[in-house]
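Just so you know, ligand 1 is whichever comes first in the structure, and atom 1 is the first atom listed for that ligand. Positions are given from 1 along the sequence. All values reported here derive from a predicted model rather than from experimental measurement. Note: hydrogens, waters and symmetry copies are ignored here, and every other heavy atom, side chains too, is used.
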Amino acid sequence: MSQDQAARLRAMAQGQRPEQPLFAARVVAITSGKGGVGKTNVVAGLALALAQQGQRVVIMDADFGLANLDILLGLSPKFTLEHVIRGEKVIEEILLDGPMGIRIIPASSGIQELTRLDTMSELRLVQGLQRVAETADWLLIDTAAGIHDSVLKLLMAAQEVILVTTPEPTSLVDAYAMVKVLHLREATKPLWLLVNNGQNVDEAQETIDQLQAATERFLGKQLNVLGMIPNDPHILQAVRQQRGVVDLFPRSPATHAFQALARQLLGQVSLQPDGFASFWRQLASDELQ
Ligand SMILES: Nc1ncnc2c1ncn2[C@@H]1O[C@H](COP(=O)(O)OP(=O)(O)O)[C@@H](O)[C@H]1O
Ligand SMILES: [Mg+2]
């Protein structure tokens with residue numbers, strides 16, 4: 001990026017603060033060390049449970065390797081983030097209406113990473129996201145798994161990060177690696193632990209204890225515990241029907257767990273003035289230095 005472009009972008013970043021920052025969405029990124037641990041299902045479940053509690057929720061698919069948030073909810077987008085980045089559509093034109101009033105920003109697999117965009121594409125994307133964020137209480141971002149630069153950048157820019165792990169040793173080890181990398185980059189970033197797919201409460205609690213013990217001992221870091229979602233066959237049934245479990249099976253154990261987590265988030269995550277503006281300034285900032 002030329003110095004001139006950088007200066008322009010920086011100036012726009014300053015000028016683009018929402019006029020009413022209190023209405024900017026809380027930006028929460030959901031990630032995991034290892035793939036296949038249930039991240040996308042967690043994003044959808046939390047979104048629906050928050051919507052049930054009167055919240056305006058937008059979910060964004062930022063897993064460009066395996067973009068499938070839309071498929072999970074039975075939606076078939078005609079246009080995706082790719083069109084926004086290319087300047088062919090504005091974000092309002094790609095937004096999909098999902099169940100219970102949630103809105104979805106779809107991606108397509110294999111598109112350019114968000115953090116490697118040229119200045120114009122980045123401006124298009126970020127200005128669009130900001131407009132969306134001004135009409136939402138929550139922007140939940142489904143990120144790819146693993147310690148890649150593009151994922152880390154999204155995580156660092158988000159206000160809060162939810163780290164999903166299962167009790168499996170492989171998932172736990174990868175979750176620890178993720179905590180470590182995030183901690184080394186920004187020790188104060190709020191990090192929430194969510195244990196998914198445990199066979200019972202004891203197993204999930206053991207997972208939490210093990211990870212907490214390791215992070216406290218080796219990193220001196222306290223993890224916040226968001227909670228647990230049990231293994232529940234209703235989730236698989238809902239996936240097969242391309243419906244959200246919260247919507248399809250309102251009395252299932254998974255739905256009750258998502259509702260409890262949503263209440264926990266509502267109680268614990270405060271609205272940050274400047275939340276979204278700071279999110280995208282951070283996203284852009286590496287390029288600006
Ligand atoms: N709590 C759960 N109980 C039962 N099955 C689950 C649970 N969480 C996830 N799954 C299953 O695990 C698979 C992977 O979930 P997904 O959300 O796509 O993971 P990720 O986004 O991390 O790759 C899905 O087929 C889903 O049905
Ligand atoms: Mg996924």
May I ask you to check if ligand 1 and [X] share an N or O to N or O distance below 3.5 Å?
| X | answer |
| --- | --- |
| Gly36 | yes |
| Val37 | yes |
| Asn41 | yes |
| Asp232 | yes |
| Pro230 | yes |

For ligand 1, is any non-hydrogen atom under 4.0 Å from [X]'s backbone (N, CA, C, O), its side chain (CB onward), both, or neither?
| X | value |
| --- | --- |
| Val239 | side chain |
| Ala254 | neither |
| Asn196 | side chain |

Below 2.8 Å, can you find an N, O or S atom of Thr40 next to the Mg ion (ligand 2)? yes
Is there a protein heavy atom less than 4.0 Å away from atom 12 (O) of ligand 1?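 Flag for atom 12 (O) of ligand 1 set to false, no protein heavy atom closer than 4.0 Å.
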Nearest protein heavy atom with distance in Å, relative to atom 22 (O) of ligand 1: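 The answer is Lys39 N, 2.8 Å.
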Will you find, in the side chains of Asn197 and Thr166, an N or O donor that is under 3.5 Å from an N or O acceptor? no
